[in-house]
Amino acid sequence: MRRKDREIPRDEALAVVDKCAFSIMATINPDGSPYCIPLSIARDGDHLYFHCAYEGHKVDNLNHSNRVCISCVGEVKPYPGDFSLFYESAVINGTATEVTDREEKLRALRLISERFTPDHMSAFDEYVGGMIEKTMVYRVHIDEISGKARRA
């Protein structure tokens with residue numbers, strides 16, 4: 001990291017992950033070119049979870065190479081009187097694995113739903129019960145994480 005004075009500790013970087021509105025995951029296309037896609041993630045310890053369909057560009061790339069880089073941005077505010085920003089971010093390098101265990105898959109979907117749709121959790125069991133076989137879930141192990149911030 002070039003600006004060591006803006007490096008934040010691991011626990012603060014994880015806090016950025018936990019509060020980011022969404023994240024961007026980079027994968028590698030089979031031809032070696034990059035591909036990025038926004039995700040709604042939830043964290044459990046040293047793992048991130050996301051869901052998707054069983055087919056698509058993202059899944060094809062993860063079948064090609066399960067190494068990923070995920071970028072998360074927390075609070076961003078203009079820096080007064082300057083052309084800069086207050087910000088906080090985290091970058092994760094990890095390994096993505098499909099979740100095949102039904103109980104872990106349900107737990108992951110519950111984590112994601114509690115994070116993004118907490119007011120609708122009373123309908124979770126009924127909704128997910130009908131969708132679980134059509135929904136793929138990935139677990140990303142956080143192999144490395146770094147965080148950076150410029151705070152007020």
Side-chain angles (χ1 to χ4, degrees), residues 1-29 34-53 56-59 61-125 127-128 131-132 135-152:
M1 180 174 304
R2 185 180 65 82
R3 293 290 307 261
K4 289 286 190 190
D5 60 316
R6 295 197 179 154
E7 185 174 16
I8 58 176
R10 177 183 171 84
D11 62 325
E12 290 182 39
L14 290 170
V16 171
V17 171
D18 292 341
K19 70 179 173 183
C20 70
F22 63 93
S23 61
I24 303 292
M25 181 176 71
T27 61
I28 303 166
N29 288 312
Y35 175 75
C36 295
I37 189 147
L39 300 175
S40 299
I41 59 169
R43 184 176 68 89
D44 184 22
D46 283 339
H47 295 102
L48 302 177
Y49 290 97
F50 67 90
H51 71 288
C52 59
H57 196 149
K58 171 177 45 203
V59 173
N61 283 1
L62 291 171
N63 287 333
H64 166 71
S65 173
N66 66 344
R67 297 189 60 199
V68 298
C69 182
I70 299 175
S71 184
C72 305
V73 177
E75 271 190 62
V76 177
K77 295 179 184 175
Y79 185 82
D82 198 345
F83 295 101
S84 190
L85 299 169
F86 291 120
Y87 65 90
E88 55 187 7
S89 64
V91 175
I92 295 159
N93 288 305
T95 309
T97 306
E98 180 187 355
V99 174
T100 56
D101 176 77
R102 184 177 174 85
E103 291 307 310
E104 183 181 4
K105 196 172 178 180
L106 278 169
R107 187 170 51 80
L109 291 170
R110 184 175 297 282
L111 284 170
I112 295 165
S113 297
E114 286 173 343
R115 179 164 183 219
F116 292 99
T117 58
D119 296 340
H120 301 293
M121 291 309 293
S122 62
F124 177 83
D125 292 331
Y127 182 78
V128 171
M131 297 297 292
I132 193 155
T135 305
M136 187 175 217
V137 173
Y138 277 94
R139 174 184 57 246
V140 176
H141 182 265
I142 299 173
D143 297 333
E144 297 176 46
I145 185 169
S146 62
K148 188 175 175 183
R150 180 181 188 188
R151 296 187 172 129

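Atom CZ of R139 sits about 8.0 Å away from atom OG1 of T100, to the nearest 0.5 Å. For the atom pair CD1 (I37) and OG (S23), the distance works out to 10.5 Å, reported to the nearest 0.5 Å. A distance of 6.0 Å separates NE2 of H57 from OG1 of T27, quoted to the nearest 0.5 Å. Note: S113 OG to M121 CE = 5.0 Å, rounded to the nearest 0.5 Å. One distance of note links CG of L48 with CG of L39; it measures 9.0 Å at 0.5 Å rounding. The CG atom of L62 sits 11.0 Å away from atom OG1 of T95, with the distance rounded to the nearest 0.5 Å.
Contact detail for I8 and A13: the closest heavy-atom pair is CD1-N, 3.8 Å. The nearest pair of heavy atoms linking C72 to V16 is O-CG1, 4.0 Å. Contact between A21 and F116 at its shortest, heavy atoms only, is O-CE2, 3.4 Å. Nearest approach of S71 to V91, heavy atoms of both residues: OG-CG2, 4.3 Å. Contact detail for G45 and I142: the closest heavy-atom pair is O-CD1, 4.3 Å. Nearest heavy-atom pair across E104 and Y49 is OE2-OH, 2.7 Å.
Of the charged side-chain nitrogens involved, none lies within less than 4.0 Å of a carboxylate oxygen, so that D101 and R107 do not count as a salt-bridged pair. A salt bridge links R110 and D125; the closest N-O separation between the charged side-chain nitrogens and carboxylate oxygens is under 4.0 Å.
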Requested in this report: Verify side-chain contact (heavy atoms from CB on, under 4.5 Å) between L85 and R150, making sure each step is shown before the conclusion.
Outcome: CA-CA 8 Å; L85 299 169; R150 180 181 188 188; over 6 Å; no
Query - Worked verdict on F50 versus V140 for side-chain contact (heavy atoms from CB on, under 4.5 Å) - result: CA-CA 8 Å; F50 67 90; V140 176; 3.8 Å; yes
Query raised in the report: Can you check side-chain contact (heavy atoms from CB on, under 4.5 Å) on V137 and I112, steps first, answer last?
Result: CA-CA 11 Å; V137 173; I112 295 165; 5.6 Å; no
Report task. Step by step, work out the side-chain contact (heavy atoms from CB on, under 4.5 Å) result for L109 and F124. Result -> CA-CA 9 Å; L109 291 170; F124 177 83; 4.1 Å; yes
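Counting non-hydrogen atoms of other residues, nucleotides and ligands closer than 6.0 Å to CZ of F22 gives a total of 12 or fewer. Under a cut-off of 6.0 angstrom, the local environment of OH in Y127 is sparse, with at most 12 non-hydrogen atoms contributed by other residues, nucleotides or ligands.
Side-chain contact between Y87 and V73 is absent, with no heavy atoms from C-beta onward closer than 4.5 Å.
Using cut-offs of 30° and 60° on the angle between ring planes, the pair H47 and H141 is perpendicular.
With hydrogens and angles disregarded, a donor-acceptor distance shorter than 3.5 Å links the side chain of R115 to the backbone of I41. In this structure, the side chain of E88 does not engage the main chain of A149 through any donor-acceptor pair within 3.5 Å. Panel note: side chain K105, backbone I132; a donor-acceptor pair is recorded below 3.5 Å.
For the pairing with E12, the salt bridge (charged side-chain N to carboxylate O under 4.0 Å, His left out) check across K148, K19, R151 returns one residue only, R151.
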